[in-house]
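Note sheet for the following structure.
In what follows, chains carry the letters A, B, and so on, assigned in the order in which the sequence lines appear, proteins first and then strands, with residues in each chain numbered from 1.
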Amino acid sequence: MSTETIDLKTRLVTDFYARESVMNGAAASALHQKKRAALARFDKLGFPTIKNEEWKYSNVKELVSESYNFNAASDIELSDLEDLKIPEQDANIIYFVNGHYHAGLSRLVSSSDQLTISSLSDAIKNDPDLINSFFNELAGESGDAFTELNTAFTHDGIFIHVPENKTVEHPVILRFVSDARSQNIGSQPRNIISVGRNAHLKLAEAFRTLGTERSFTNAVTEIYVSEDAGVEYYKVQNESDKAYHVGTTQVRMLDRSQFYAGTVTLNGRFTRNNLNIVIDGERCEAYMYGLYFPDGVQHVDNHTTADHRKPNSNSNELYKGILRDRSKGVFNGKIFVRPDAQKTNAFQSCKNIVLSPDATMNTKPQLEIFADDVKCSHGTTTGQIDEEALFYMRSRGISHSEALSLLMFAFCADVVSQIKIDSIREYLENVIAEKLATK
Amino acid sequence: MLSINDLRASVEGKEILKGINLEVKPGEVHAIMGPNGSGKSTLASVLAGREEYEVTGGSVTFNGKDILEIAPEERAAEGIFLAFQYPVEIPGVTTINFLKTAVNEIRKYRGESPLDAAQFLKMVREKAKLVSMNDSLLKRALNEGFSGGEKKRNEIFQMAVLEPKLAILDETDSGLDIDALRIVSEGVNSLRSPERATIVVTHYQRLLDYIVPDYVHVLYKGRIVKSGPKELALELEEKGYDWIKAEVEAVS
């Protein structure tokens with residue numbers, strides 16, 4: 001461990017106690033006690049090294065070797081965001097700049113009878129007991145140092161509650177912008193989403209970077225999916241070549257609920273996504289789709305868990321990646337089928353195209369099955385582009401580069417087509433086509 | 001139009017074509033027949049530019065241009081089309097999108113402006129009729145889940161859309177029932193013109209009942225060992241290839 005590593009951790013721990021000392025009476029609150037406990041666990045764990053099995057292929061040494069300003073102000077305006085080419089649409093759009101809710105840029109279109117939505121910092125002020133009843137109740141069991149760190153430093157993010165039997169017609173799009181134009185930026189957004197019985201929500205998190213300094217985002221989202229509810233959740237990462245991102249999404253599903261996740265990593269220096277779904281109900285349907293395109297020296301790591309705890313539920317997972325240059329990809333997919341979870345169907349597939357001899361992909365399916373009447377399967381493939389298909393296309397007059405883009409676009413299509421927020425799907429199609437055409 | 005001189009080619013160090021000579025003029029249909037393993041498909045592949053074949057000698061010019069020096073896509077743009085023996089399935093790319101890309105890439109090569117969507121669709125619908133190609137197939141992923149007959153029909157449909165100067169049909173009859181054979185052949189015949197030439201590579205004579213050749217060549221052990229009028233194909237059908245093999249062995 002380098003001295004810098006110790007420095008970032010020490011700085012964070014010191015910062016925590018400094019803040020606590022000026023909290024006045026609030027330090028005694030139940031919420032703060034959770035944070036305090038999380039900080040103690042983080043202090044004990046430290047940042048993971050590659051000796052940790054869960055981080056074997058993802059080295060965070062470079063990430064923790066620098067310092068970041070976690071409290072940076074930003075004079076960002078809407079016009080600064082034009083360059084980020086995020087299309088406008090009929091949606092609730094909430095901006096976070098450097099991890100802080102930005103009211104000026106945000107816009108709500110859904111009525112308040114469909115959903116309660118507020119920044120987490122306001123929600124904590126207005127109803128601390130309510131927030132405390134959700135806060136870290138799902139993510140708390142992760143045992144992951146980054147999640148503990150986020151918990152300890154939770155200050156802002158979103159709180160969404162959809163009351164029972166409500167269907168939120170317009171999607172909610174959370175846009176997290178790191179304004180790294182003048183300094184290294186750190187942000188730790190925390191999102192709490194609660195979807196009531198038979199309620200439905202489409203939610204997206206989009207991460208972007210402004211500027212060329214480093215950014216470090218450590219995001220945690222907890223999603224409660226009640227009985228008969230349906231949630232579509234998308235995470236789109238199109239950050240800078242100096243963006244470090246560690247994110248955990250922790251989901252709990254109850255009886256007969258449906259949960260779709262789509263995770264698309266378009267760009268970023270280092271990305272680690274943890275998507276953990278606890279299927280704590282019967283007749284649930286969980287879907288996980290993922291897509292990643294690292295190039296240069298980029299690193300993308302997706303860790304997923306489908307934890308079947310009750311009988312008669314299904315999970316389906318498909319992750320795909322195209323790796324170029326000297327990039328690295330990691331996929332680790334865990335499926336747990338607990339003793340009570342008979343009649344579980346769990347399927348997992350991870351397919352990759354490695355376009356360069358210097359790019360690497362590490363895939364690790366991990367099935368732990370403790371019930372006997374289940375159907376589970378997993379498969380991973382890592383290969384090159386189909387030369388016969390390439391020749392076929394070229395023999396029709398399509399240039400080598402165009403044929404390659406068409407084939408790669410087609411490879412992505414079955415993941416992209418799963419994204420049901422039209423504007424996001426179209427945005428992805430455009431960005432992907434552009435990305436494929438330039439190489 | 002096409003002039004092949006002493007063409008030699010190998011795959012993985014093994015010489016397959018051992019000196020092919022062939023002249024094809026506009027308007028002509030040449031049939032290339034021969035027993036399995038004689039080099040028929042290799043010849044078709046070398047002409048289209050398949051990379052795993054190494055050309056070790058000879059030359060091929062097409063309208064005066066040395067095509068061995070140019071990429072497969074440039075050969076296509078020059079007007080050479082290969083109908084594959086085993087058309088490739090490409091999931092995620094629709095036939096229509098694939099063809100639109102091909103047509104416009106070729107137009108770009110020739111310095112022409114791209115077709116707009118309406119022009120393209122009109123043209124495609126006309127050509128689809130030629131080979132009784134159902135519209136629904138056009139919207140499906142290229143050849144994915146197509147029957148053998150549908151794949152071959154799709155090849156001829158693509159040929160109709162791209163209007164090549166030289167079409168090379170590699171075992172287009174294999175795996176076709178008699179109705180599909182008729183439809184495919186009618187498609188090929190409707191494209192025959194004084195400006196265009198066709199090379200039909202086939203093992204059996206039956207395709208030549210429908211696509212009547214001007215010349216028949218027999219390929220054996222990497223060389224054209226016999227050429228003749230269309231009646232040669234009938235003779236081969238009747239007597240098989242053994243007498244040709246015997247003739248060749250007697251000479252060598």
Side-chain angles (χ1 to χ4, degrees), chain A residues 262 264 289-293 318-322 349-353 355 379 381 383-419 425-426 428-437 439, chain B residues 44-53 67 70-95 97-110 112 141-144 151 154-155 157-164 167-168 170:
Chain A
V264 182
Y289 296 97
L291 193 61
Y292 38 95
F293 292 93
L318 174 63
Y319 270 67
K320 285 189 151 189
I322 297 175
S349 173
C350 177
K351 297 178 179 174
N352 301 284
I353 294 178
L355 288 176
T381 59
Q384 282 82 41
I385 208 89
D386 180 355
E387 289 294 333
E388 185 64 16
L390 207 54
F391 174 64
Y392 187 63
M393 299 177 93
R394 294 177 73 191
S395 79
R396 298 299 182 253
I398 300 173
S399 67
H400 186 273
S401 62
E402 183 69 24
L404 207 56
S405 321
L406 268 177
L407 285 175
M408 289 194 288
F409 197 79
F411 176 78
C412 306
D414 49 358
V415 171
V416 175
S417 65
Q418 294 297 332
I419 292 172
R425 190 183 56 254
E426 285 157 19
L428 288 176
E429 284 168 350
N430 288 334
V431 175
I432 291 167
E434 233 171 75
K435 212 170 156 86
L436 296 180
K439 293 283 160 171
Chain B
S45 294
V46 168
L47 293 177
R50 193 186 282 274
E51 277 165 3
E52 57 259 43
Y53 295 93
I67 60 158
I70 60 178
E73 56 269 34
E74 293 171 303
R75 299 182 197 195
E78 291 289 339
I80 295 175
F81 180 92
L82 172 66
F84 279 51
Q85 183 178 2
Y86 304 107
V88 183
E89 298 195 10
I90 305 187
V93 180
T94 61
T95 301
N97 189 24
F98 169 69
L99 268 177
K100 191 168 186 227
T101 309
V103 165
N104 285 331
E105 288 260 297
I106 289 175
R107 290 180 70 89
K108 191 167 82 186
Y109 181 88
R110 295 176 181 164
E112 297 164 356
L142 188 58
N143 293 326
E144 193 184 32
K151 283 181 185 170
N154 194 4
E155 293 294 287
F157 164 64
Q158 292 175 33
M159 176 177 135
V161 169
L162 299 175
E163 298 185 323
I168 303 163
D170 186 9

Chain A contact via [X] - which portion, at a heavy-atom distance below 4.5 Å:
X: B/Asn97; answer: side chain
X: B/Leu142; answer: side chain
X: B/Arg50; answer: both
X: B/Pro164; answer: neither

- Item | Test ring pair (Phe, Tyr, Trp, His ring centres under 6.0 Å) applied to A/Phe391 - qualifying residues, sequence neighbours left out | B/Phe84

- Query: Of the listed residues (B/Gly92, B/Pro72, B/Ala76), which shares the most heavy-atom pairs with chain A below a 4.5 Å separation?
  - Reply: B/Pro72

How many angstroms lie between [atom1] in [X] and [atom2] in [Y], if you round to the nearest 0.5 Å?
X: B/Asn104; Y: A/Ile398; atom1: CG; atom2: CD1; answer: 10.0 Å
X: A/Tyr392; Y: B/Glu89; atom1: OH; atom2: CD; answer: 10.0 Å
X: B/Arg75; Y: A/Ser395; atom1: CZ; atom2: OG; answer: 11.0 Å

- Note on the structure: Shortest non-hydrogen pair, B/Pro91 vs A/Ala410, comes out as O-CB, 3.2 Å

Should the heavy atoms of other residues, nucleotides or ligands under 6.0 Å from [atom1] of [X] be counted, would the total exceed 12?
X: A/Lys320; atom1: NZ; value: yes
X: B/Tyr109; atom1: OH; value: yes
X: B/Lys108; atom1: NZ; value: no

- Indicate yes or no: does A/Arg394 engage B/Glu51 in a salt bridge with an N to O separation below 4.0 Å. yes

- Message: Name the residue from A/Glu402, A/Arg396, A/Met393 that meets the side-chain contact (heavy atoms from CB on, under 4.5 Å) definition with B/Glu105.
- Response: A/Glu402

- Query: Residues two or more places apart in sequence or in another chain: which of them pass salt bridge (Lys or Arg N to Asp or Glu O under 4.0 Å) with A/Asp386?
  - Reply: none

- Under 3.5 Å, side chain of A/Glu388 to main-chain N/O of B/Val88, donor-acceptor pair present? no

